[in-house]
**Student:** 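One structure, as structure tokens, below. Some questions next.
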Amino acid sequence: MTSIFGSRQVFVTRIALVLAVLPSAASSQTLAIRAQRVLTGTGQEILNGVIMIEDGKIKSVGPETPIQNGVPVVDYLDSTICPGFVEPHSALGVTESGDEIAHAVEPNARAADFYDPAHRQFREALASGITTAALAAGSMDVVGGLGIVVKTAGERDTIVRDGAFLKMSVTRDALSDSRVPTSPIGLMHVLRGELSKAQAATDSSPLHALVTGKLRALIDARSPGEIAQALEITAAYHLDVALVHADDGARVADDLKSAKVPAILGPYTFDTPKRLLLTPAALSKAGTPVAFTSDAPLYSPEFLRMTAALAVRHGLPLDEALRALTSVPAQILGVSDRVGSVATGRDADLCVWSGHPVDLRSRLQAAYIKGTRVFRQQAGE
Amino acid sequence: MRHNLLRCAPLFLGALVFLFATAALHARPQRAPEEHPLAIKGARLLLGNGSVIENGTVVMSGGKIQDLGADIKIPPTATIIDGAGKIVTPGFIDARSALLLDPSSIAVSGSDAVRSTADAINRFARNEIKEALENGVTTVALAPTQGTGIAGRGAVVKLKGERAELLKDAAFLAINLEPWLDIKPVNALREFLETKRAFEEARKYREQWQTYEQDLEEYVKKVKELEEKEKAEKAKEEKPKTEEKAGEKKEEKKDDKSEPEKKDKKEGDKREPPPKRSPFAWTLQAAAQAAGEHAEPLASSADEWWFDEPKPAGADEKKAEGGEKKDEKLKKPEMPAKDEGKEILLKALDRKLSVFFGAQRAEAIQNALDLAKDLRLRAVIAGGENAHRLKGAIAEADVPVILGPVVRSEAPPASCYRGHDAGAAATLARAKVRLVLASAGDDPLETRFLPLSCAAAVGHGIGPADALSLITARAAEVLGVQDRVGTLAKGKDADLLVFSSDPLSAGAVPATVIVDGQVVVQR
């Protein structure tokens, strides 16, 4: 304990010396953050954790790691650090409606085209602990378009992965009176038609990438019937898929497990029926990876955490709930090499909480993106 | 023989159903034939008012807490629950809930102080009751929370296993100051002015009655004097004629007495008393009064239409006759009509009935504070979305705030939610406002997650040690039921929760829920 938690004054003096000597020390390229507890997002809990950050990336994380002389240290000795949350399905920062409802199939529409990185909603998301968010296009379409994964703050390089997934829907939201499909049966017909066409095609369109397994789809499917349809399409065309809003999926938990399809669940509110609140625990127990969404800004980004808290209240283990906010959505979006966990090589996107992040009594004290602090709780708030 | 029995069967069934229906709401306390006391031993007792007893024991019997403390004697016949490692709290109280209320009872239109929420409770909402109890909510306060104007009287209800029981009827007067659905705020203002007027009219009504009672006293006195005078005169003269005259006068007096009672007099009505009305005209008028409008023209035109016969001339002439015959001073005062609604408003004016103002916007809250000050009401702000902006005025007026919802799922800027601040609870607490947290939901299911609201309030600045009191002791005080519930104390109802971890921590749900000394939930 003495090597780290004593001789603080000595460290400070040495830092001052180093800063005086090095020319570009002001960019704080190396940083050590210490916390009472670090939750890695992959199930590990490290007490007296030390996170070494270099050039915005996590160099190492471990208990009581000795810190080199001259490295600036930030202490959160009463706090818990976890990865910044990854929101897998949102319309944050979307300035115009992201739905081209005139046509049900819009594979080339891109969420990247209509979001404003400076939008206030990103700030609100960050204040709720969300450092990475996926923006999905076309929730009212059968094939809505390509989604993009972005950071919720940062001076530059905020795009994590463009074209990360193709948004699709087999729900009633994708039906319309003014264009095809107008009915669920019509929807399946349209979908099969498009996918079969794409199989025969040779171009590099998103649908062709989808049917050749190069692009993942996020399919909105709510009721057990819709989930079954989505799974059927997935099997028939050998798609790589995750389901969104599969809250009524407890009854088809085994089918989801055998199809190896992850589920994005939520958002849950205070008037959500108990049956749906039990789904995360049921699916997780059956072996399906589970992630949470707040559907921000349709719901407040605060409800990402609330959804997790409600799931825990209804049987989901606490550490699974944290994974559902971090590493699982990162995996679904194909960005787990960059975000979603506190591990060597990942971006230093960290949130500092006064307690466990899924415990509603905890408050966000600070947030870092790529090693730079982008949020600090105001005193007296 | 069998034929008769069959005939009796529906009657018998009907009687059973009737018994069930009445038992459901007003159950007599059930006593097991040999009731053993129940005790929880060696637990951490959070009393609800901030006090803690470590390694404490609670002894319950007869539905009440008989004793509690660190080193108390447990009766030998008691069933003992091991409290080691457990935390015991009072049952949670939701001071503004939509549980057991049908959507049509949550939203009411028009002002009517007589409306009683206790009449609108859905006693068969077993699933709602069960989910609330599973999450530790044992008592709820119910009132129409939507619609604008005087919504009626709220009720406090206790959740007992499968049914709900009235804890306190007519516990408060609910007045809603928020626009509802597509009603514009300017119309909400108009409703507020109507509310003000309703109080004014209640005052006038009281003055009217006071005047009447004074006049009646005077009249009775004068009649007595007159009678004594006449007796004396009679005794002097001893003439039968005088007796007859006196008898006549007495009869006339009797007629005069009965007539005003039949007539329905409106306040400030200086005209001649209207003729005998049809029962329908009375209903129209009562409905009009309840709506706070002057329906006078409507009633009388309906009257004229209803009755083809001419107005009986007798009434006016008799009155005139009576006036002529007797002394002017002996004109019997007209009894004003009894108005239950106004009686209720007078109770509020006398500070015998709390007034819960449903107010979210800052203007609405200010209106409530002003009205409370002018009329010296025992006011409470319910909802209080923007109360944190008026914290100084509210603290100074010593008006409690029932705050809810603490967190909103809808993202801003939905118009009513402008000004929502998750830190509002902490802001109000720091300003020393008397604070209570409630679910304040539109949906019955929202009550069950009251503890989550409380936890979220801690996450936004409420001190962890104070948080529990905001959904237990403080709630009971504001609702006026603190003699029964809200804290773990000797003599209070045995409503308590047993937790295996901090009650507000992630995933914490009560392992055991006890209401009136009976275990209603056991995980």
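Residue numbers start from 1 in every chain, and the chains themselves are labelled A, B, ... in the order their sequence lines are given, proteins ahead of strands. Keep in mind it's a predicted model, so treat the numbers as computed, not measured.
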**Student:** What residue in A:V312, A:D359, A:V358 has the most heavy-atom pairs under 4.5 Å with chain B?
**Tutor:**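 Most heavy-atom pairs under 4.5 Å with chain B: A:D359.
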
**Student:** Please flag which part of B:A457 lies under 4.5 Å from any non-hydrogen atom of chain A: side chain, backbone, both or neither.
**Tutor:**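 Answer is neither: B:A457 stays 4.5 Å or more from chain A.
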
**Student:** Considering only heavy atoms, which portion of B:N127 lies under 4.5 Å from any heavy atom of chain A: side chain, backbone, both, or neither?
**Tutor:**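 Neither the backbone nor the side chain of B:N127 comes within 4.5 Å of chain A.
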
**Student:** Are the side chain of A:R363 and the backbone N or O of B:G459 linked by a donor-acceptor pair below 3.5 Å?
**Tutor:**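 Confirmed, A:R363 side chain pairs with B:G459 backbone.
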
**Student:** Is it the side chain or the backbone of B:E446 that comes within 4.5 Å of chain A heavy atoms, both, or neither?
**Tutor:**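 When you check distances to chain A, atoms from both the backbone and side chain of B:E446 fall under 4.5 Å.
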
**Student:** Among the options B:I462, B:V407, B:T427, B:T447, pick out the one with the most heavy-atom pairs lying under 4.5 Å from chain A.
**Tutor:**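 The option with the most such pairs is B:V407.
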
**Student:** To check you understand the geometry: which heavy-atom pair defines the closest contact between B:S453 and A:F270, and what is its length?
**Tutor:**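 Looks like OG-CE2, 3.2 Å.
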
**Student:** Specify the closest pair of heavy atoms between B:R448 and A:L277, including all atoms of both residues, with the distance to one decimal.
**Tutor:**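 Closest approach of B:R448 to A:L277: NH1-CD1, 3.9 Å.
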
**Student:** Assess the residue pair A:L360 and B:V458 against the criterion (side-chain contact (heavy atoms from CB on, under 4.5 Å)); give the C-alpha distance rounded to whole Å, side-chain angles, the decisive distance to 0.1 Å, and a yes or no.
**Tutor:** CA-CA 8 Å; A:L360 292 177; B:V458 173; over 6 Å; no

**Student:** Side-chain contact, heavy-atom cut-off 4.5 Å: B:D502 with A:R361?
**Tutor:**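 They are in side-chain contact.
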
**Student:** Does any heavy atom of chain B fall under 4.5 Å from the side chain of A:L304, the backbone, both, or neither of them?
**Tutor:**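 Interface part for A:L304: neither.
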
**Student:** For the CZ atom of B:F449 and the CG atom of A:D271, what is their distance to the nearest 0.5 Å?
**Tutor:**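 Those atoms lie 9.5 Å apart.
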
**Student:** To the nearest 0.5 Å, tell me how far B:S409 OG sits from A:Y299 OH.
**Tutor:**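 Rounded to the nearest 0.5 Å, the OG-OH separation comes out at 6.0 Å.
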
**Student:** When you measure from the side chain of A:R313 to the backbone of B:A508, do you find a donor-acceptor pair of N or O atoms at a distance under 3.5 Å?
**Tutor:**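 Such a contact is found between A:R313 side chain and B:A508 backbone.
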
**Student:** Go through the atoms of B:E128 and report whether side chain, backbone, both or neither lie under 4.5 Å from a heavy atom of chain A.
**Tutor:**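 Neither; nothing under 4.5 Å.
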
**Student:** In plain terms, say whether A:E302 and B:R408 are close enough for a salt bridge, that is, a side-chain N and a carboxylate O under 4.0 Å apart.
**Tutor:**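 Between B:R408 and A:E302 there is no salt bridge, as every charged N stays at least 4.0 Å from the carboxylate O atoms.
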
